[in-house]
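A short worksheet on the structure shown next.
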Amino acid sequence: MAARAAAGTWVLVLSLWGAAAAVGGQNVTARIGKPLVLNCKGAPKKPPQQLEWKLNTGRTEAWKVLSPQGGPWDSVARVLPNGSLLLPAVGIQDEGTFRCRARNRHGKETKSTYRVGVYQIPGKPEIVDPASGLIPGVPNKVGTCVSEGGYPAGTLSWHLDGKPLEPDGKGVAVQEQTRRHPETGLFTLQSELTVTPARVGATRPTFSCSFSPGLPRSKALHAAPIQPSVWEPVPLGNVQLVVEPAGGTVAPGGSVTLTCEAPAQPTPEIHWVKDGARLSLPPSPVLLLPEVRPQDQGTYSCVAMHPSHEPQESPAVSISIVETDEEGQAAGSVGGSGLGTLALALGTLAGLGIAALLTGVIVWRRRQHQGKERKVPESQEEQEERAGLNQSEVPETAGSSTGGP
Ligand SMILES: *[C@@H]1O[C@H](CO)[C@@H](O)[C@H](O)[C@H]1NC(C)=O
Ligand SMILES: *[C@@H]1O[C@H](CO)[C@@H](O)[C@H](O)[C@H]1NC(C)=O
């Protein structure tokens, strides 16, 4: 009976206090596992004191008045000699309201109310399973952002090139998951981002993820950003090999430039193959043969190594050495004398001369050829003669170059 009467009094007092708390309540946030001290305003700093602490938290069913003498609650909260309340190690269950009512030496009453919230800073968020490349036009998983061990739950958000990335049901989708540790009560958040990159857009987008704690005035935590490449879909077989001079025939000592054209993003690594064997050269889209020697002759191709595809090989080109006329070199030396326009004019004339000469040779050859076709029986002999001449030429060239160095 007495207890119930007392409870009735408390209800009345509480409702009065409640009204006061709405005005004078103070929000306190405390880190989980750390001590927290709440001061009892208006209380004398030393005993004897007239004060009372009570609390309503996750550990209590209703208001619990703490005995100034201490007891089983000491490990959770105890009243210090100066009247303050000490929570030696704050836990999630300590979230709630704490109140103190004190009377000073002159009998004036002061009430203090604290709303205690607790928090735990999670580890730095991390993007796990990051995509190394994205294919435009189709949904791609970019990665999963994970924040572990935070309280309260907080939120994860994604950014693309510094701008917030919101799920829009079209190109951007986010799948979130929140788990709670059964013992510690701490949260693990996961956010999996899926995007459909535009066919034309940034080739190296930066995705970042940040954790915003569910507390006011607290700083966000940022995961290390990731930069997947956006790959252009490469239809197979379009690696091209461009050879300069065109046709791949070059005078002895001349230079040949082979350029591999593999239109892909990111630029694939280009390796070179000669006569079916891979050349041990650092990857490069250009292969320069500065002074072509007989051993440089052969069949060349390039192989593009893509991060997302099978390697692609270009069609092969063959490089061969042919002897040129002296006239071509003479024209070159005139051009090199530095007489400007005159040299150019002379060069042009020389060029025209060569062109005319060549035309003459071709016409003459064709006539001879046509003549040959008419007299078939004799041609066999002629061809054999020609073959003999050609064969005698080859060792000569080989001999001259091996004697050179
Ligand atoms: C304390 O927190 C509550 C909500 O949690 C808020 O409405 C109130 O304005 C806060 N009071 C102060 C003094 O910050
Ligand atoms: C009472 O003592 C504690 C611990 O020594 C201290 O943290 C707190 O500030 C004191 N309270 C007041 C009102 O001085």
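Whatever order the structure lists them in is the order used to number ligands and atoms, beginning at 1.
Checked by distance only, ligand 2 and Ser84 come closer than 3.5 Å through their nitrogen or oxygen atoms.
The side-chain contact (heavy atoms from CB on, under 4.5 Å) test with Val116 singles out one residue from Thr57, Asn27, Leu87, Leu38, and that residue is Leu38.
The protein heavy-atom contact nearest to atom 4 (C) of ligand 2 is Leu80 CD1, 3.9 Å. Nearest protein heavy-atom neighbour of atom 2 (O) of ligand 2: Asn82 ND2, 2.4 Å. Of all protein heavy atoms, the one lying nearest to atom 9 (O) of ligand 2 is Asn39 OD1, 3.9 Å.
The protein reaches atom 14 (O) of ligand 2 closely, with a heavy atom under 4.0 angstrom from it.
Salt-bridge formation is detected for the pair Arg59/Asp94: a Lys NZ or Arg NE/NH1/NH2 atom is positioned less than 4.0 Å from an Asp or Glu carboxylate oxygen.
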*Please assess Arg115 against Gln26 for the test side chain to side chain donor-acceptor pair (under 3.5 Å), listing each intermediate value before the final yes or no.*
CA-CA 6 Å; Arg115 286 172 204 289; Gln26 191 180 335; over 6 Å; no
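Each of the following atoms of ligand 2 lies closer than 4.0 Å to a heavy atom of Lys45: 13 (C), 14 (O).
Contact detail for Thr196 and Pro139: the closest heavy-atom pair is OG1-CA, 3.4 Å.
Within a 6.0 Å radius of CD in Glu126, no more than 12 heavy atoms belonging to other residues, nucleotides or ligands are found.
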